[in-house]
Undergrad: 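I'd like to ask some things about the structure below.
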Amino acid sequence: MKKFSAAATTALALVAGPALADNVGNVGAVNQSAHGTPPGAAKRSLSVGLGVQRRERIETSPNGSAQIVFNDTSTMTVGRNSAVTVDDFVYSRGGGGQQGVSMAKGVMRFVGGGVSHEGGTRLRTPTASIGVRGGTALVRIGGSCGTLIVHQYGFIDVGGQELTRPGYGVCAPSGGPVSEPFLVPPETIAEIIAALESGKRQRGGAKREPTNEEANLALGNDRPPDVVSPPGLDALGPVWFGNALAQSRANVDNQPAPLPTPASQGGNDDHYDDYGYGGHGGHGEGWYGGEPVAIDGPGD
Amino acid sequence: MFAFRAAPRLLGALFAAFALFSPALAQEDPRAEQERLAAYIQHNPTDYDATYRYVLLSTELRDYEAGIGALERLLMFNPNLSRARKELGFLYARLGAYELSAQHLRNALAEGGLDPVQVAQVEAQLPDIEKRTQANRLYLRMHVGLRAQSNANFFPTNNLFQVGGVGVASAASRKGDVNSFQLVQAAHDLDFQNGRGDQLETRVTGYATEQFRLPQYSVALFAGSIGPRIHIAPDLYPGLSIKPYLTGAVALLGGSNYLNAGGAGMSFGAELSRDLWFEPGAEWRSIWVDPSPGYLGSLGFSPYSTVSTLATGDVVTGYVSSSYRLTNDLRLEGRVAYTRAFAGNPQQSSDQVDVQAMLRLEVDPPFPIIPRRWTFAPYGRFTHLAFDAANPVINPFVARRDTVWIGGLMVDLPITPYLGFAGNVEYARNDSNLPNFKTDNVSVSFGPTAKF
């Protein structure tokens, strides 16, 4: 039985191996029309769950879009009227890998996974080479900007210009240097998002659309953590400092009057009042109760 | 003898139990389960139950990008899935992508598919997220209430004193008191709007108490600091910043000016990961402390004026603050500081080591409509204070050494997006080597809060 099982596994690996080996991910969602052209094969219409191969070219029409889920859980959403090619993808869990995508036109959103967390992801456009480390980025080709790269998370290098701050981006124009980072206007980000999302009547290739009711049931009501941290040690600091102030003065106020010396035992009872321990200035709280009584000798 | 015989059996049983339960443990390993779900939904993207489980698990594991990819896909299947859009907005906020976060949250509200509980959660945080996209950001927290103390006059525990090295007992005693307090903490960031994230940070604190029985210990404190936070080589060392700053404080005690302080410092922010940051720094302050409580007019200064813990002089502090998010709901905060006080009088010059720690547990409130999490934060503090020289008026042969232990619990209970309650229970004990300073104190405070 064991021999049969081993033989079956070997046979399966031989048959399925080449095809699986070239699969770098799958189509997660797709709005038509969107096509893929694997190397040496005919153009095919993309569908949900379909395997995506290394060096496959993906194209979308003015109404089309597709999300590719790579084997390292990174995702690439190809927006309307766009064309990208998966140049390379090698991933070893825990050991990093390489991921290369060329974009000829359109709009793309890249959300990093295992490869990019190790710094092995590179996106290429006609005017820019973009290194992604642990990151999330929006990329748009066209207009006077050439290629617009918008940072959302992680570290992104565009031709030597580094992006580390979410919402900031650079332009990589044709034949010119990459711009300094600038705050990308919210409208521009909204335009890019709109080009990536399904239209009102599009369903991403799903036979049944997900509903809010089932989402509520599955996701529950747990609250996200506050964007502004709740009070911590910083809230205690002023209280402790206030205590330190009061204690500093109380240390003085509480001390008993110095023990009467032989000279002062002659009846100079005003001595204590002079020192302010009989209520002077409202500070003398420590010695209202009576005379001090010696209980031990000097030293400790 | 029995133990020797039983040990191998016990070990055998432990190994057997481990062998039996280890596959189950492996299955329960959240990371392994996340990978299993990732592989499954990659081939079955329209299995929504599995996708939601993947989103929840990825969020719990703080693998926010994985959750984002899955939620973006759900939105391709249904662009009006406002619940997914809400979760997406909050995940982008956790990554610091506030503009994208705000757009998704606004759209989630506009789509109208959220139930009142979800709407309340979005409305509670959207203003803060939008604020993060602005160049001028002002945050305010106010807390007022009542505070009861068992030993408001910091009287020695056993009523014992030393005077010139002679032990004496006092018939006076500790006095409990209640105060009303007001705490205002304001933080303003002026974003320079460069790609590095540099900003000018201004922090202001106002704290005032009115003691009901012991008005001489009523406190009014105004403190502030200002300085630019500059990110150092964000490409090479992301999250590393330097902040030179000016600091100052004015404090009143019993309605009279008691302490003024001014100085400068420098800190280094090191955000080692999304969950861990350190901020080492050093600070110098020149402080003036009113000596008048023991002032004798024509006779000069009271010998006890040199007993106060705080004294006029220079104070230098080196510190490290840190914060580490252990899980999605649990954060550990800490601060370690060494302070050298150079007073004019060696009896008031001191070395101080201060260690503070707080474990902040965020929990979901019992009522779904309450939009923010509640926080329960046990904390502890240890301080060792050693003065340079013995004070002859207390004991000419023994220099004062104080060891302070503080333990407490702080709670923060927001009810609406802006209003809530907060409270605190604390026990503080000062173990001094001189009976004059051995004190303990229990304090309890509670009152409403507001944050904007």
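Just so we're on the same page: letters track the sequence lines, and every chain starts at 1.
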Undergrad: Does A/Ala250 have any side chain to side chain contact (heavy atoms under 4.5 Å, CB included) partners at least two apart in sequence or in another chain, and if so, which?
TA: A/Asn254, B/Phe154, B/Tyr217
Undergrad: Are A/Gln255 and B/Asn436 linked by a side-chain donor-acceptor pair shorter than 3.5 Å?
TA: yes
Undergrad: With a 4.5 angstrom heavy-atom cut-off, is it the side chain or the backbone of A/Phe182 that approaches chain B, or both, or neither?
TA: neither
Undergrad: Between the side chains of A/Gln67 and B/Arg73, is a donor N or O closer than 3.5 angstrom to an acceptor N or O?
TA: yes
Undergrad: Would B/Ser308 and A/Asn251 count as having a side-chain donor-acceptor pair, cut-off 3.5 Å?
TA: no
Undergrad: Look at B/Arg335 together with A/Asp234 and state whether they make a salt bridge at an N to O cut-off of under 4.0 Å.
TA: no
Undergrad: Between side-chain atoms of residues 187-196 of chain A and protein atoms elsewhere (two or more places apart, or another chain), which donor-acceptor pairs fall under 3.5 Å?
TA:
residue	atom	partner	partner atom	Å
A/Glu191	OE1	A/Arg140	NH1	3.1

Undergrad: Answer with yes or no whether the side chains of A/Thr211 and B/Tyr48 bring together a donor and an acceptor at under 3.5 Å.
TA: no
Undergrad: Any luck finding a side-chain donor-acceptor pair between B/Gln118 and A/Asn216 under 3.5 Å?
TA: no
Undergrad: Under a plain distance cut-off of 3.5 Å, with no hydrogens placed, do A/Asn212 and B/Arg83 share a side-chain donor-acceptor pair?
TA: no
Undergrad: Using modelled atom types only, decide if a donor and an acceptor are shared between the side chain of B/Glu65 and the backbone of A/Ser74 within a distance under 3.5 Å.
TA: no
Undergrad: Check whether any side-chain heavy atom of B/Thr439 sits under 4.5 Å from a side-chain heavy atom of A/Gln247, and report yes or no.
TA: yes
Undergrad: Taking the side chain as C-beta and beyond, is there a heavy-atom pair between B/Pro365 and A/Arg223 under 4.5 Å?
TA: yes
